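First the structure, in the form of structure tokens, and then the observations on it.
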Amino acid sequence: MKDQFIIYNTLSRKKEVFKPLVPGKVGLYVCGPTVYSNSHLGHARAYITFDLLFRYLTFLGYKVRYVRNITDVGHLEDEVEGAGEDRISKKARLEKLEPMEVVQIYMNTFHRNMDDLNVLRPSIEPRASGHIIEQQEMIESIVKNGFAYESNGSVYFDVEKYNQKYNYGKLSGRNLEDLKTNTRLLDGQSEKKNSFDFALWKKATPAHIMRWPSKWSDGFPGWHLECSAMSMKYLGEQFDIHGGGMDLTFPHHECEIAQSTASQGNEAVRYWMHNNMITINGQKMARSLGNFITLDELFTGNHKALKQAYSPMTVRFFILQAHYRSTIDFSNEALQASEKGLERLLTAVNTLDDLVGEEQSTVNVAEVKEKCFAALNDDMNSPIAIAHLFEAVKMINSIKAGNEKISSDDLAELRTFFANVVFDVLGLKPEKATGSGSNEILKGAIDLLLNLRMEAKASKDWGTADKIRNELNTLGVEIKDTKDGFEWSLKEL
RNA sequence: GGUUCCUUGGCCGAGUGGCUAGGCAGCGGUCUGCAAAACCGUGUACGGCGGUUCGACUCCGCCAGGAACCUCCA
């Protein structure tokens, strides 16, 4: 199965069979968030996408080193207005907080949100501010190789010179001639030879708080350098997969390729993977557009665009129901559909525990399992994988209803399959307390009441029976009658 | 303006040159004291116009509408 994992490589614009550089091991780098405000739905999509990749590679038996950075140095917010001011320090002065305090606040929120979404922590989570020296070293090697120039205390990457030897634009499908005629002219660029040159080191203005000494000036590293420097440090000069949002393809990832190639003579990344955007009313959800919904708002329902709260697992399932390279449009209707669908899936997981194996199967477990993994192998096609999971749900329900039978061997296989795919790979988890898992006293009390209700039902005392059911319902206990008793679960709070 | 991409049924969302995607909602039925759940059955489809083909939702062209990137962005 390992040999058939296919991923779409942005570099070739084709699906390719994944072959790691070192057999059995995978080096994975994903661009992490810039921590200057709360995480929103778009971040969830990116990090759930690569969490799925991390989980699936691990499931396939690879030893994965997953590096996902925290950008806490800040890039240029607005060259026109800010004139070189760091984005994070700008916000810090507005809020009268230390820059690192701002970073910490939003980093904590990010971690909490990701934990709620059951996004696994990466193997290494390096911070740009902790790797200034590595970035300076990289600048020096780029300068030494002749692909950068110093200008007024800042250092810029010489794109034109790089393009004479290598191909600038190969990832995003651009060519320099187009960039020359189409790049917008911005103020304050007189230091650069060409408008498309980008900063490797930027001299700090007096107002700039975040700054580090260097041979060129007191300043800070350029926009794109941290990822090149940190991926090289932790994954080596060449590594397997680099991921990030589609909106980072240009210029960010293009510049990363140029930096790595200029400093070491060869490209670092073998497979580039990009997740598509979340849209709202057909338009990209983005902080800069102001049309975003934060994850905290989503989880609490506290936003004017939200008709209700959506649990982290509902959000995760919603995202997994679309392929990662398609846009996915936010709407209450779509989230509500996901909520219901997820509940149906997780109910079937519980039902699976109660099934009893027979001599022979009337269902084909192997086939559905095979199709599901085939979908995951095909560029992580989670929506197709989920569609097959729902076929298995139908199977489970039919067995429970007595319309189908399953052998003990198949039942064991089905249980393993569900545990593997639903929990380990898709990273879903039950959110409700159920009769089997919650607090013992509560469980005992509810069981006691429902047993009393059974007795009332047996003596056809419908008034008492309905009263118990209705009042427990009001308290948040959902009750289902079964052939020989009852089942219950707690509603979400 | 340049580059790239998208347009599927009430909603979301896959996919393929000829074979039911799936979820949610709807409708009919079974089960149930009622309810819930479950089960069975079921309709609506591939933006428009041409072309290639025995056959296109799937390939090509044009048109319409929309999006992303070209500036920080997941």
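Quick caveat: nothing in here was measured; it's all calculated off a predicted structure. Below, chain A is the first sequence line, B the second, and so on; all start at residue 1.
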Which word best sums up how the rings of [X] and [Y] line up, parallel for under 30°, tilted for 30 to 60°, or perpendicular for over 60°?
X        : Y        : answer
A/Tyr29  : A/His242 : tilted
A/Tyr47  : A/Phe110 : perpendicular
A/Phe157 : A/Phe198 : parallel
A/His224 : A/His252 : tilted

Measure from the side chain of [X], starting at C-beta and using heavy atoms only, and say which of [options] lies closest.
X        : options             : result
A/Ala322 : B/G13, B/A74, B/C70 : B/G13
A/Asn397 : B/C69, B/C39, B/C12 : B/C39
A/Arg287 : B/A74, B/A38, B/G13 : B/A74
A/Ser288 : B/C73, B/C39, B/A74 : B/C73

Pairwise N/O distances under 3.5 Å, protein to nucleotides 66-68 of chain B:
| residue | atom | partner | partner atom | Å |
| --- | --- | --- | --- | --- |
| B/A68 | OP1 | A/Lys284 | N | 3.3 |

key: side-chain contact (heavy atoms from CB on, under 4.5 Å) against A/Thr362, all qualifying residues, sequence neighbours excluded   =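 side-chain contact (heavy atoms from CB on, under 4.5 Å) check on A/Thr362 returns A/Glu404, A/Lys405.
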request  = Could you list the residues that satisfy side-chain contact (heavy atoms from CB on, under 4.5 Å) with A/Leu449, not counting sequence neighbours?
outcome  =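 Checked A/Leu449 against side-chain contact (heavy atoms from CB on, under 4.5 Å); matches are A/Ile468, A/Leu472.
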Return the polar atom pairs (N/O with N/O) between nucleotides 22-24 of chain B and the protein under 3.5 Å, or none.
| residue | atom | partner | partner atom | Å |
| --- | --- | --- | --- | --- |
| B/G23 | OP1 | A/Arg344 | NH1 | 3.4 |

inquiry  = Filter on salt bridge (Lys or Arg N to Asp or Glu O under 4.0 Å), then keep only pairs touching residues 308-336 of chain A, sequence neighbours left out; what's left?
reply    =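 Listed by first then second residue: A/Asp51-A/Arg316, A/Lys307-A/Glu333, A/Arg325-A/Asp379.
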Residues that [X] engages under side-chain hydrogen bond (donor to acceptor under 3.5 Å, both in side chains), provided they are two or more places apart:
X        : answer
A/Asp197 : A/Tyr149
A/Ser398 : none
A/Arg211 : none
A/Asp410 : A/Ser361

Please classify the nucleic acid contact of [X] as base, sugar-phosphate, or nothing, using heavy-atom distances under 4.0 Å.
X        : result
A/Leu389 : nothing
A/Gly42  : base
A/Asn175 : nothing
A/Ser326 : sugar-phosphate

inquiry  = For Watson-Crick and G-U wobble pairs within 3.5 Å on both distances, what is RNA chain B written in dot-bracket notation, | included for inter-strand pairing?
reply    = (((((((..(((.....[...))).(((((.......)))))....(((((..]....))))))))))))....
Expressed as a whole number of angstroms, how long is the span from [X]:[atom1] to [N]:[atom2]?
X        : N     : atom1 : atom2 : value
A/Tyr168 : B/C70 : OH    : P     : 11 Å
A/Tyr29  : B/A74 : OH    : P     : 13 Å
A/Asn470 : B/A36 : CG    : C1'   : 11 Å
A/Lys170 : B/C70 : NZ    : C1'   : 20 Å
A/Asp197 : B/C70 : CG    : C1'   : 16 Å

task = For A/Ile384 and for A/Tyr47, find the nucleotide of RNA chain B with the closest heavy atom, then tell me which residue's nucleotide is more 5'.
result =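 That would be A/Ile384.
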ask   = Given that A/Lys400 and A/Ser172 both sit by RNA chain B, which one's nearest nucleotide is further toward the 5' end?
value =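 Nearest-nucleotide comparison on RNA chain B picks A/Ser172.
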ask   = Can a donor-acceptor pair be found between the side chains of A/His40 and A/Thr294 at a distance below 3.5 Å?
value =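 On atom types as modelled, these side chains do not qualify, holding no pair under 3.5 Å.
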note = Its contact letters, B for base, S for sugar-phosphate only and - for none at protein heavy atoms under 4.0 Å, make nucleotides 26-35 of chain B read -------BBB
query = Do we get A/Arg174 above A/Phe250's six-membered ring, with its NZ or CZ under 6.0 Å from the centre and within 45° of the axis?
reply =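 Verdict for A/Phe250: a cation-pi partner in A/Arg174.
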key: Rounded distance in Å between the C1' positions of B/C46 and B/G18   =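 Here B/C46 and B/G18 have their C1' atoms 16 Å from each other.
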query = Under 4.0 Å: is that the gap between some side-chain N or O of A/Asn381 and OP1 or OP2 of B/A14?
reply =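 So the side-chain polar atoms of A/Asn381 never come under 4.0 Å of the phosphate oxygens OP1 or OP2 of B/A14.
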Donor-acceptor pairs are to be reported for all side-chain atoms of residues 117-128 of chain A against protein atoms at under 3.5 Å, with residues two or more places apart or in another chain.
| residue | atom | partner | partner atom | Å |
| --- | --- | --- | --- | --- |
| A/Asn118 | ND2 | A/Gly427 | O | 2.9 |
| A/Arg121 | NE | A/Asp115 | OD1 | 3.2 |
| A/Arg121 | NH2 | A/Asp115 | OD2 | 2.8 |
| A/Ser123 | OG | A/Tyr66 | N | 2.7 |
| A/Ser123 | OG | A/Tyr66 | O | 3.4 |
| A/Glu125 | OE1 | A/His111 | NE2 | 2.7 |
| A/Glu125 | OE2 | A/Arg68 | NH2 | 3.2 |
| A/Glu125 | OE2 | A/His111 | NE2 | 3.1 |
| A/Arg127 | NE | A/Asp72 | OD2 | 2.9 |
| A/Arg127 | NH2 | A/Asp72 | OD2 | 3.3 |

Lys/Arg N to Asp/Glu carboxylate O, A/Asp354 vs A/Lys400, below 4.0 Å =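 Judged by the 4.0 Å cut-off on N to carboxylate O distance, A/Asp354 and A/Lys400 do not form a salt bridge.
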